[in-house]
There are 2 protein chains.
Amino acid sequence: MTFPSSPVGFLLHDAARLMRRRFEQRAAALGFTRAQWQVLLHLSRNEGIHQAGLADILEVEPISLVRILDKLQARGLVERRQDAGDRRCWRLHLTADAHPSLALLQDIGEDTRAEALSGFSDAERDTLVGTLSRLKSNLVDACTKPAIDDEAQHG
Amino acid sequence: MTFPSSPVGFLLHDAARLMRRRFEQRAAALGFTRAQWQVLLHLSRNEGIHQAGLADILEVEPISLVRILDKLQARGLVERRQDAGDRRCWRLHLTADAHPSLALLQDIGEDTRAEALSGFSDAERDTLVGTLSRLKSNLVDACTKPAIDDEAQHG
DNA sequence: GGGAGATCATAAGCATGTCTATGATCGACA
DNA sequence: TGTCGATCATAGACATGCTTATGATCTCCC
């Protein structure tokens with residue numbers, strides 16, 4: 001098949017979608033999604049962060065986080081506490097209830113990762129992680145630039 | 001940061017999402033999304049395929065394709081023609097109008113890919129493509145298996 | 001020939017992600 | 001001090017992806 005140069009974008013998207021699908025085939029029994037897991041995990045490592053800060057870590061728009069946090073809060077896994085000095089901010093905290101669920105989700109994540117990386121050597125896995133990190137970093141930079149169609153910015 | 005083993009899934013998902021975001025920053029001016037581009041592209045290489053076949057190529061559920069095709073058809077870029085021998089099927093065809101748009105989207109795709117792969121050697125890019133292909137293949141296989149939590153299927 | 005089960009397209013409902021927009025609050029500067 | 005622009009959280013609208021369900025049609029096998 002003579003595909004236009006290398007279909008990196010399609011491959012990336014397909015692999016990510018399939019990995020999400022596989023994760024959620026398992027996590028559905030617990031009532032969690034991949035995105036909820038990611039939020040819980042980063043929250044566990046950044047207790048007390050506010051929503052804009054978490055959005056920045058996750059490289060998503062703040063609005064994308066709101067509904068996820070709404071659901072987690074409604075389930076009693078996340079608390080929004082008013083910031084003492086800035087009434088615009090909520091400080092985010094995991095509740096005690098969140099930790100057992102997070103542990104289960106980590107196990108499911110491990111299983112899914114093992115399936116995805118089946119047949120990979122440690123070196124191959126590390127190379128992949130390094131390559132994806134660079135690619136992500138390139139895109140984070142690119143997304144802040146104007147989306148012109150390849151002209152007028154060569155200065 | 002001591003992240004749980006290698007966060008391949010998160011990296012993959014983040015990179016794919018950022019690449020989609022960047023692509024759509026450019027393609028929004030034309031009124032197209034990444035998914036619509038992917039459908040048009042695969043259709044151009046598989047004229048006359050039916051929806052289930054295209055869904056299979058794209059590794060998505062058939063229902064995921066319906067609304068995308070609806071929109072492309074409403075814009076006059078795709079035709080659904082009744083199959084001669086099977087009244088359940090639609091055969092899918094690009095219209096003449098689709099080809100100029102597809103060419104523009106290909107250019108945008110090239111620009112986006114170039115940004116994402118900035119600083120990568122050809123060999124690195126090829127390694128990434130190969131690795132992602134294997135990963136995708138692993139996941140396609142895995143997704144057909146029952147989603148049990150890692151037990152009872154060792155036979 | 002006729003019925004059972006597979007297959008095709010599609011609907012309903014939900015989750016996530018984006019854009020743009022809005023109201024509240026903060027901070028900085030005149 | 002008072003106003004103006006930045007920032008925080010969030011609403012609305014849209015596109016995609018999934019699971020589950022449904023109606024039409026086909027196929028196979030008795």
Side-chain angles (χ1 to χ4, degrees), chain A residues 10 13-39 49-56 58-75 78 80-92 143 147, chain B residues 10 13-39 49-56 58-75 78 80-92 143 147:
Chain A
F10 290 146
H13 196 269
D14 294 348
R17 185 171 40 73
L18 290 168
M19 198 153 177
R20 168 164 63 84
R21 186 198 283 178
R22 186 59 174 158
F23 177 85
E24 293 184 1
Q25 283 177 353
R26 291 190 169 108
L30 304 176
F32 285 102
T33 64
R34 189 214 67 91
Q36 290 165 5
W37 171 39
Q38 190 174 22
V39 167
I49 199 173
H50 68 302
Q51 298 185 203
L54 185 55
D56 200 57
L58 298 175
E59 303 290 358
V60 298
E61 300 304 311
I63 183 63
S64 299
L65 218 49
V66 170
R67 278 168 308 186
I68 296 174
L69 288 169
D70 288 349
K71 291 189 191 80
L72 293 173
Q73 185 177 27
R75 291 176 66 172
V78 161
R80 282 176 167 113
R81 300 188 199 151
Q82 197 106 56
D83 184 282
D86 188 338
R87 276 176 295 172
R88 294 169 306 176
C89 287
W90 298 98
R91 297 285 159 187
L92 301 171
C143 282
Chain B
F10 290 147
H13 195 270
D14 294 348
R17 186 172 40 72
L18 291 168
M19 199 151 174
R20 169 165 61 84
R21 187 198 283 179
R22 187 58 175 160
F23 177 85
E24 293 185 0
Q25 283 178 354
R26 290 192 170 108
L30 304 177
F32 286 102
T33 65
R34 188 213 67 91
Q36 290 165 4
W37 172 39
Q38 190 174 21
V39 168
I49 199 173
H50 70 301
Q51 297 185 205
L54 185 55
D56 200 57
L58 298 174
E59 303 290 358
V60 298
E61 299 304 312
I63 183 63
S64 299
L65 218 49
V66 170
R67 278 169 307 186
I68 297 173
L69 288 170
D70 287 349
K71 292 188 191 81
L72 293 174
Q73 185 178 28
R75 290 175 66 172
V78 162
R80 282 174 165 113
R81 301 187 198 152
Q82 198 105 55
D83 185 282
D86 188 338
R87 275 176 298 172
R88 295 170 306 177
C89 286
W90 300 98
R91 297 286 159 186
L92 301 171
C143 282

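Since the structure is predicted, the reported quantities are computational estimates derived from the model, not experimental observations. Convention: sequence-line order gives letters A, B, ...; per-chain numbering from 1.
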Margin query: Looking at B:Gln36, I'd like to know whether one of its side-chain N or O atoms comes within less than 4.0 Å of OP1 or OP2 on D:dT16.
Written below: yes
Margin query: Any side-chain N or O of A:Lys71 below 4.0 angstrom from OP1/OP2 of C:dC14?
Written below: no
Can you pull every protein N or O that's under 3.5 Å from an N or O on nucleotides 5-12 of chain C?
residue : atom : partner : partner atom : Å
C:dT7   : O2   : B:Arg88 : NH1          : 2.6
C:dA9   : OP1  : B:Gln51 : N            : 3.2
C:dA9   : OP1  : B:Trp90 : N            : 3.3
C:dA9   : OP2  : B:Ala52 : N            : 2.7
C:dA9   : O3'  : B:Trp90 : NE1          : 3.3
C:dT10  : OP2  : B:Gln51 : OE1          : 3.1
C:dT10  : OP2  : B:Gln51 : NE2          : 3.0
C:dT10  : OP2  : B:Arg80 : NH2          : 3.1

Next item on the list: For the pair A:Phe10 and B:Trp37, name the ring-plane relationship: parallel under 30°, tilted 30 to 60°, perpendicular over 60°.
Entry: tilted
Next item on the list: Name the residue closer to the 5' end of DNA chain D, choosing between B:Gly85 and B:Val60 according to the nucleotide with the nearest heavy atom.
Entry: B:Val60
Margin query: Quick test of your reading of the model: are A:Asp14 and A:Arg17 salt-bridged, counting only N-O distances below 4.0 Å?
Written below: yes
Check: Are A:Glu61 and B:Arg21 within salt-bridge range, i.e. N to O under 4.0 Å?
Finding: yes
Rounded to the nearest 0.5 Å, how far apart are [atom1] of [X] and [atom2] of [Y]?
{"X": "B:Glu59", "Y": "B:Ser64", "atom1": "CD", "atom2": "OG", "value": "12.0 Å"}
{"X": "A:Met19", "Y": "A:Arg22", "atom1": "CE", "atom2": "CZ", "value": "11.5 Å"}
{"X": "A:Leu65", "Y": "A:Asp56", "atom1": "CG", "atom2": "CG", "value": "11.0 Å"}

With sugar-phosphate meaning primed atoms plus P, OP1 and OP2, does [X] contact a base, only sugar-phosphate, or nothing at under 4.0 Å between heavy atoms?
{"X": "B:Glu24", "answer": "nothing"}
{"X": "A:Arg17", "answer": "sugar-phosphate"}
{"X": "B:Arg34", "answer": "sugar-phosphate"}
{"X": "A:Leu65", "answer": "nothing"}

Item checked: Those residues that, when tested against A:Arg81, pass salt bridge (Lys or Arg N to Asp or Glu O under 4.0 Å) (two or more places apart) -> A:Glu79
Notebook entry, point to check: Can you name the salt bridge (Lys or Arg N to Asp or Glu O under 4.0 Å) partners of A:Arg88, sequence neighbours left out?
Noted result: A:Asp86
Calculate the interatomic distance between [X] atom [atom1] and [N] atom [atom2]; express it in whole Å.
{"X": "A:Arg20", "N": "C:dC14", "atom1": "CZ", "atom2": "C1'", "result": "12 Å"}
{"X": "B:Arg26", "N": "C:dC19", "atom1": "CZ", "atom2": "C1'", "result": "18 Å"}
{"X": "B:Phe32", "N": "D:dC14", "atom1": "CZ", "atom2": "P", "result": "18 Å"}
{"X": "A:Arg75", "N": "C:dC14", "atom1": "CZ", "atom2": "P", "result": "15 Å"}
{"X": "A:Gln38", "N": "C:dA15", "atom1": "CD", "atom2": "C1'", "result": "14 Å"}
{"X": "A:Ile68", "N": "C:dT18", "atom1": "CD1", "atom2": "P", "result": "10 Å"}
{"X": "B:Arg67", "N": "C:dG13", "atom1": "CZ", "atom2": "P", "result": "13 Å"}
{"X": "A:Leu18", "N": "D:dG17", "atom1": "CG", "atom2": "P", "result": "11 Å"}

Next item on the list: Using side chain to side chain donor-acceptor pair (under 3.5 Å) as the criterion, list what pairs up with B:Gln36, not counting sequence neighbours.
Entry: none
Next item on the list: Quick one: list whatever passes side chain to side chain donor-acceptor pair (under 3.5 Å) with A:Gln73, sequence neighbours left out.
Entry: A:Arg80
Notebook entry, point to check: What nucleotide, of D:dC18, C:dG17, C:dT25, holds the atom closest to the side chain of A:Arg87?
Noted result: C:dT25
Nucleotide N/O of nucleotides 2-5 of chain D paired with protein N/O under 3.5 Å:
none

